[in-house]
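Beneath this line is the structure, given in structure tokens, with notes to follow.
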Amino acid sequence: MNLPGSGIIKGMAVTALNMIGSYFDRAHAKRLTTEQYPEERPTLVETSRSFPFLVFDGDPEAGIRCVACKICEKECPPQCIYIVQDKDANGKAIRRPRVFDIDISVCMGCQICVEVCPFESIRMDNIYEVSSYNRFAPLVLHKEQLLKSNAYYNQIHPTEAAETDARIEAARIKKAAAAKATAEKVAAAKAAAAKAAEEKAAAEKAAPEKPSQPEQNA
Amino acid sequence: MSFQPHTTSLSKANGAGASTLDVSLGPQHPSTHGVFRMNVRMDGETIVKLQPVFGYLHRNHEKLAEKNSWLGSMPYTDRLDYICPITNNWAYAVAVEKLAGIEVPERAEYIRVIVGELTRIQNHTAFLGFILGDMGAWGSALMYAFREREKILDLFEWLTGARMMVNYMRFGGVRCDLPVGWLEKARAYVETYPAFLDEMEQLLTGNEILLARLQGVGVLSGERAINGGLSGPVLRASGVDYDIRKVDGYGVYPRLNFRIPRGTVGDCFDRFMLRILEIRESIKILQQAFAQIPEGPTLNPAVKQRGFKPPAGEAYGRIEGPKGELGFHLISEGGEKPYRYHVRPPSLINLTLLEEMCLGTKIADVMVILGSIDIVLGEVDR
């Protein structure tokens, strides 16, 4: 039979132990302390994600990976992406976006655009200080703000970026090999055609010329 | 009961000489777990009528899903029961897999069980803190519970990239494999968990005030719970042995050895203790899953996630979420979008018997009873 109030005293003992223990690093319980943000910044885990950005290689204009295929625009669940394809002087469409906007006040950071992109061009950033005094304009990121280098991508998500780079490299090698094979095939075909033509010519030379049919019903 | 805030304060209309008072509890009340309102008619301090009012957090979830692609609904399910997003993902994935007849690789099933049981632990841990808050014990219990929950959320962040809005499951598996070292860290964490639970029990379960507030309050019989269609811990606390992990045996649960705790009285104390016992069973499940998890692929390569088109048909997939039976009823016409998408949220259906549990109790007990059901308004209103 417990004394009345003993349960409360037991509970109090637990709180007291926790309070005293919070001044010492106990072996079995690592202390959790408040991070003094913004002086202290949290170290983000590698997989951490917030909003999408566009990857470019080398030059931001020429090296943009996006080809304005609009798959991400179609698949985005809250529909926060807006893309307009670029056109050259003759009005012919180029595989490059002229406008690429992401409304990060709508974006929910679900990463579906990254998963559906066949060109490895859209990836997740880990920025988190994007608040502003205006509700509209500063929260729509344009192409210039979204473009970030592959080096930056390698810096924030090293493992994932290395995998992507390997995939792109493999695709490039495969493409080069295919191109080489095609070139060889074309060259071989050409050579064969030339040879055939030569043989034909030789055969024609060797054969006696047929006398032309006299035009009887002239 | 019609509620007119300006005209009904003290009315003598109900019964001879009886004076009742109509009070609106919520929607912005710290103990209502979100924007939930209860119109309560009291005789003195005793409840004579209670009418729940919800819909403040309605977000058109089901209609949005009918406008989105099949994959596009997956991140929205995170936002149903935002305390435990992974089990929501899981229920939707199970429903779609049933609809399209998709096989899931073994490793993916084990990962699902591991993250699902971690979700159950963190949901019930948060519950232990919340219900103490409902009883007025703001502070210690809530802080201890959230300290532990934070460690599980850190594991989720490492795995999926987000603490809560995980978007982790895919049709036929999970999005990414476990990172290197994740399993070891999760195992080490689960080892330390029973010590925390013992501490929590020492802090709470013997406490006379807590016993006085919970025992015999909001009693619900097993028959009534079944009639009301309740599920999850609330149903099992009333003594009904019904757990979908055992009934359906989905995933790899049939290979794991665990028991289903049950209550005897069906009061708030049973519901409180049942959660503690469920956490202990979840730890057992986790330890077995850590030992058994095989190597292999984590996503069925035959399934095309983008432009996913299941065959025309109808399926109801369900799992045992931390709050009860979470089901998705999907109708497909063979297109890129669901024709009909219906959610069976455990929180909403567990609320149906709230009035019955509250009648005859005091106003202060209403908060405890509501807390013991463990609702999340994201799921109730959808």
Side-chain angles (χ1 to χ4, degrees), chain A residues 2-19 21-22 26-35 42-50 69 71-72 74-79 107-118 123-126 128 156-157 159-160 163, chain B residues 64-65 67-69 71-79 132 137 139-141 143-144 146-148 150-151 154-163 165-168 170 175-176 179-180 182 191-192 195-196 198-212 304-307 336:
Chain A
N2 284 337
L3 281 173
S6 64
I8 295 175
I9 291 165
K10 256 194 226 165
M12 292 290 193
V14 172
T15 8
L17 275 175
N18 264 278
M19 194 199 74
S22 72
R26 285 184 298 168
H28 65 280
K30 200 167 164 285
R31 279 179 63 195
L32 277 182
T33 47
T34 311
E35 271 171 4
T43 44
L44 296 174
V45 286
E46 207 192 306
T47 46
S48 167
R49 61 182 147 97
S50 58
C69 67
I71 288 175
C72 54
K74 183 169 160 273
E75 288 289 325
C76 175
Q79 298 176 2
C107 175
M108 59 182 183
C110 63
Q111 213 180 2
I112 280 184
C113 52
V114 175
E115 276 165 60
V116 298
C117 181
R123 284 293 181 265
M124 292 311 273
D125 209 339
N126 60 9
Y128 52 90
I156 58 169
H157 301 306
T159 320
E160 200 189 295
E163 277 167 19
Chain B
L64 269 179
K67 285 278 175 195
N68 260 316
S69 66
L71 175 65
S73 298
M74 187 62 87
Y76 281 118
T77 60
D78 290 340
R79 285 136 178 97
L132 264 286
S140 302
M143 284 297 148
Y144 292 179
F146 268 58
R147 187 184 64 197
E148 290 306 307
E150 197 59 34
K151 293 177 188 167
D154 282 348
L155 285 174
F156 287 168
E157 187 181 13
W158 187 12
L159 175 61
T160 68
R163 290 166 73 247
M165 300 301 127
V166 292
N167 186 17
Y168 184 55
R170 288 290 174 268
R175 196 182 72 220
C176 51
V180 180
W182 192 90
E191 300 273 293
T192 65
F196 161 74
D198 292 342
E199 191 186 33
M200 202 73 175
E201 280 211 75
Q202 211 181 349
L203 177 71
L204 301 175
T205 40
N207 191 314
E208 283 82 359
I209 301 172
L210 182 130
L211 296 180
K304 201 175 77 169
Q305 304 290 335
R306 176 163 72 85
E336 282 190 358

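Letters A, B, ... are given to chains in the order of the sequence lines, protein chains preceding strands, and every chain is numbered from 1.
- Across A:Ala13, A:Cys76, A:Ser48, A:Ser50, the residue that shares the most heavy-atom pairs under 4.5 angstrom with chain B is A:Ser48.
- The part of B:Arg175 that comes within reach of chain A is its side chain, from C-beta onward, which places non-hydrogen atoms under 4.5 angstrom from that chain.
- Most heavy-atom pairs under 4.5 Å with chain B: of the set A:Leu44, A:Ile71, A:Ile9, A:Asn126, this distinction falls to A:Ile71.
- Remark: A:Glu115 pairs with B:Arg170 by the side-chain hydrogen bond (donor to acceptor under 3.5 Å, both in side chains) rule, at least two apart or across chains.
- With a 4.5 Å cut-off on side-chain heavy atoms, B:Leu132 and B:Leu210 count as touching.
- For B:Tyr144, the part sitting under 4.5 Å from any heavy atom of chain A is the side chain, from C-beta outward, and nothing else.
- Side-chain contact between A:Ser6 and B:Glu208: present, with at least one pair of heavy atoms (C-beta onward) separated by less than 4.5 Å.
- Take B:Phe156 and apply the ring pair (Phe, Tyr, Trp, His ring centres under 6.0 Å) test, not counting sequence neighbours, and it matches no residue.
- There is no contact between B:Gln305 and chain A, counting heavy-atom distances below 4.5 Å.
- Comment: B:Glu148 engages B:Lys151 in a salt bridge, judged by a side-chain N to carboxylate O separation of less than 4.0 angstrom.
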